[in-house]
Amino acid sequence: QQAKATGKALAVVQDGAGTYSTLPRWATGGKEILYRRFDLAAKRASILRRDLKSGHEKEVFAGGPEVNTPTLALSPDGAWLAFWVHRMADRAAVLQVLPMRGGEAREVVRKGLAPVWPMVVWSRDGKDLLYGPAADPSTPEEQKTELGRMSAEGGPPRKGGRAMDHIRHLSLHPDGR
């Protein structure tokens with residue numbers, strides 16, 4: 001965060017020994033941030049919500065042991081958070097959506113655990129999720145990434161209509177293309 005009066009950067013989140021925080025996302029019109037905190041000893045990731053004015057922090061998703069959350073995507077209206085959960089015990093990658101007003105996360109898609117972190121982005125109208133595995137940067141050969149698309153309400157996944165080499169990050173044009 002940047003101080004208005006001085007222009008100096010202010011630390012919003014301080015990590016303790018054995019933890020690190022990543023993937024910050026603005027929420028509630030810039031009044032809050034969402035981020036992932038990873039506990040190295042427990043090999044456990046959680047998703048937190050922090051009020052920037054009060055500093056109050058709340059855990060909105062608690063991953064169990066051997067669970068990682070490598071991606072976060074807030075819906076355009078700020079009502080839902082989509083994120084992948086990697087469960088090492090059953091080698092699964094699970095795309096979940098969580099209501100930001102409170103409630104339980106809901107499973108949307110379950111896949112086998114990919115060797116690289118998957119991507120997810122909301123459609124501009126907030127009705128669909130586009131997702132796919134990210135390309136592995138350590139592998140120079142061609143890697144086709146085929147995107148999936150599905151309703152955020154659930155239902156069967158369908159092809160997203162795109163397959164390209166070496167996709168590492170996913171973003172939609174403001175007009176939805």
Side-chain angles (χ1 to χ4, degrees), residues 1-4 9-88 92-111 114 116-134 147-154 168-174 176:
Q1 184 175 4
Q2 190 175 28
K4 290 180 183 178
L10 302 173
V12 174
V13 174
Q14 295 285 334
D15 289 322
T19 65
Y20 67 90
S21 297
T22 60
L23 306 173
R25 301 292 184 260
W26 290 108
T28 324
K31 295 177 184 171
E32 295 180 313
I33 58 168
L34 298 163
Y35 57 97
R36 174 187 73 156
R37 177 171 289 150
F38 194 79
D39 181 317
L40 296 166
K43 296 182 182 172
R44 172 190 179 273
S46 55
I47 300 172
L48 295 110
R49 181 181 202 158
R50 184 181 197 79
D51 182 291
L52 295 174
K53 188 173 183 179
S54 71
H56 177 72
E57 190 173 84
K58 180 183 178 187
E59 188 174 67
V60 296
F61 176 80
E66 300 285 320
V67 169
N68 193 8
T69 53
T71 18
L72 303 177
L74 193 61
S75 66
D77 63 3
W80 295 90
L81 180 68
F83 56 97
W84 283 98
V85 174
H86 285 183
R87 293 191 174 122
M88 304 310 171
V94 180
L95 179 59
Q96 296 188 342
V97 293
L98 175 76
M100 292 307 300
R101 290 194 179 110
E104 295 295 313
R106 178 172 45 86
E107 183 175 311
V108 179
V109 172
R110 178 178 289 263
K111 299 275 189 187
V116 291
W117 292 1
M119 305 171 289
V120 62
V121 67
W122 289 87
S123 62
R124 294 296 171 209
D125 62 9
K127 293 179 180 179
D128 287 339
L129 293 162
L130 276 83
Y131 62 90
L147 299 180
R149 182 179 193 112
M150 71 175 306
S151 168
E153 297 294 319
R168 294 281 317 278
H169 303 282
L170 188 57
S171 179
L172 290 180
H173 189 276

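Fair warning: this is a prediction, and the values are worked out from it, not measured in the lab.
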Return the minimal non-hydrogen interatomic distance between [X] and [Y], and the atom names on each side.
| X | Y | answer |
| --- | --- | --- |
| S21 | V13 | OG-CG1, 3.8 Å |
| L34 | M100 | CD2-CE, 3.5 Å |
| T19 | D15 | O-CB, 3.5 Å |
| S123 | R149 | CB-NH2, 3.9 Å |
| L52 | G30 | CD1-O, 3.5 Å |
| E32 | R49 | OE1-NE, 2.8 Å |

With rounding to the nearest 0.5 angstrom, report the [atom1] to [atom2] distance, [X] to [Y].
| X | Y | atom1 | atom2 | answer |
| --- | --- | --- | --- | --- |
| K111 | L95 | NZ | CG | 10.0 Å |
| L40 | Y20 | CG | OH | 6.0 Å |
| L48 | E57 | CG | CD | 4.5 Å |
| K58 | I47 | NZ | CD1 | 13.0 Å |
| K127 | W122 | NZ | CH2 | 12.5 Å |

Who passes salt bridge (Lys or Arg N to Asp or Glu O under 4.0 Å) against R87, sequence neighbours left out?
none
Indicate yes or no for a side-chain donor-acceptor contact from R25 to the backbone of L74 under 3.5 Å, with no hydrogens or angles considered.
no
Hey, can you pull the donor-acceptor pairs under 3.5 Å for the side chains in residues 76-85, sequence neighbours left out?
residue: D77; atom: OD1; partner: S75; partner atom: OG; Å: 2.7
residue: D77; atom: OD1; partner: A79; partner atom: N; Å: 2.9
residue: W84; atom: NE1; partner: M119; partner atom: O; Å: 3.1

Kindly determine whether R37 and S46 satisfy side-chain hydrogen bond (donor to acceptor under 3.5 Å, both in side chains), including the steps that lead there.
CA-CA 5 Å; R37 177 171 289 150; S46 55; over 6 Å; no
Between L98 and Q96, is there a side-chain heavy-atom distance shorter than 4.5 Å?
no
Is there side-chain contact between V97 and L129, with heavy atoms separated by less than 4.5 Å?
yes
Out of T22, T69, T71, which residue meets the side chain to side chain donor-acceptor pair (under 3.5 Å) rule with R36?
T22
